Structures are given as structure tokens and as C-alpha cells.
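Each remark here refers to the structure printed beneath this line.
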Amino acid sequence: MARRTSQNRPTSISKLDVPFYARPAVDVARDLIGTILVRRRRGREFRGRIVETEAYIGPQDLASHSSKGRTKRTEVMFGPPARAYVYFIYGMYEMLNIVTAEPGDAQAVLIRAAEPLDGWDANLSGPGRLARGFGIKLPENGLDLTGDKLFILDRSCSAPKVLATPRIGVEYAKHWQHELLRFIDADSLAVSKPRLGPGAKSPRS
DNA sequence: GCGTCGATGGCA
DNA sequence: GCCATCGACGCG
């Protein structure tokens, strides 16, 4: 697939594949900033530019659901990468995560915010609103991101300015709450909490 | 613009 | 009882 930029130069935009996802969640989370999430549903296509993610890096990470062990709910996380891990929380919200790393290494990336594209009028700032906006619910748990119902396109042009901050809503996770595992596009207004807080740094690459 | 709080259900 | 949340409400 190719499209033309405003300068009329062809730019290839490709679907992210298994090798992209079969890496540590930290790397995937950072590299997902600026990519395009695509959802095909009921004959329509919705797109959003991802501007906020969080890495959950395995069972040792007390903020990760995989730290509770392998259960029916977390089973997908322990499987192969490039699948959706969707769970239900607070009695009303679904959350969209992407499984990363090798099978058995239960890492995942939470997609927290995106900018709607193509004139789509939606609020995708915050993981609950994002999942709702894209029509992601429990039946989408385990969905294969190499298919055509839900997938991600590589960045179309230059890399955004990425900052790393502590994750949101994981105060219970002992010292893990301070790790810089949340990544944001510093220039986006669609990041869920406009305030970066004092901990924001450039991520190590 | 801010902080506080209730909703609401699956899960350990 | 606890959540990887959101939106409504009260304040002044």
C-alpha cells in the first residue's frame, strides 16, 4: 500500500507484523507512539494515531496482571505476540492491550490514547474511552493483530518526540509504580493527562 | 479549574 | 475487597 504526501512523494505504510511485536514490551510501547491503529468493524474503517502507551513487562512487574500468575483472564498474555489482550474493569470499561515478547513471556502494552484521524469525531484520550471508541470489548480478547479486523500501521513520517513517565493508576505496585514505563507523544493534545509530572524523561533507546 | 466520589462487575 | 477508569458534582 502506498500513498502520497503533500510533497507528492510516495510513502509506504506497512502493517506491523510479528517481529515488531516479538520484542520486550518496553521497546514495543515506545515504538508504537506515532503509529496508526486501524479498526474494521461493520463494514467501516476507523483510524487513530497512537499517542500514549504503557509497558507491562512480565510476572516480576507487580503492576502487570501476569504477576498474579496464569489464569483464565490472563491466558492470552502468556501466548504468542501480536494478539489483543482485552479485559474488563471497574464494572464498565474494557482496556486494549497488545501482547508482546515470545510465547510464555507474559508481557503486554496498554494502548492509552490516540488521535482520531480522517475527521472521525471521537474522544480516544484514556484507555477506557479508546477501547469504547474503537468498539473493542471482551469478545475481541485474543484477536490476531496480523488479521484485518484490528491492526497497526507503521509511522507514516518522522518520529514524534517521545517522553517516558511513570504509569497511571498503579500506586499499589510497590517500587514498580515509579518505573518510567509510560510513553507519550510530547506534542500531542490527546494524551490522557495533559500534565507530565516531574518524572518525565527521554526514554533510553 | 480543581479535588472528591460513586458507579458497577469480574476476579482472586 | 480490589481494581491498568470516567464523569458528575461541589466548591467559591
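We name chains A, B, ... by the order of the sequence lines, and we start the count at 1 in each one. Small disclaimer: the values here were computed from a predicted structure and weren't measured.
We find that the ring of A/Phe88 and the base of B/dG10 do not stack by the test of centres under 5.5 angstrom and planes tilted less than 30°.
Listed pair A/Thr71 / B/dA12 meets the phosphate criterion, a side-chain N or O lying under 4.0 Å from OP1 or OP2. Look at A/Arg182 and you won't find any side-chain N or O under 4.0 angstrom from OP1 or OP2 of C/dA4.
Which of C/dC6, B/dC11, C/dG7 sits closest to the side chain of A/Arg129 comes down to C/dG7. Each of B/dC11, C/dC3, C/dT5 was ranked by its minimum atom distance to the side chain of A/Tyr172; first place goes to C/dC3.
Cation-pi geometry between A/Arg83 and A/Tyr85 is not met at under 6.0 angstrom from the ring centre and within 45 degrees of the axis. Judged by the 6.0 Å distance and 45° axis criteria, A/Arg41 is not positioned over the aromatic ring of A/Phe134.
If you take atom P in C/dA4 and the same atom in B/dG3, they sit 22 Å apart, rounded to whole Å.
Residue contacts for A/Met92: at a heavy-atom cut-off of 4.0 Å it reaches a base atom on one of the strands shown. Residue-level contact check: A/Tyr93 touches the bases, meaning some heavy atom is under 4.0 Å from a base atom.
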Begin from the C-alpha positions of A/Glu75 and A/Arg70 and carry the test salt bridge (charged side-chain N to carboxylate O under 4.0 Å, His left out) through to its verdict. CA-CA 6 Å; A/Glu75 182 64 25; A/Arg70 192 167 184 154; 3.0 Å; yes
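A/Gln60 and A/Ser67 are not linked by any side-chain donor-acceptor pair at a separation below 3.5 angstrom, with hydrogens and angles left out of the test.
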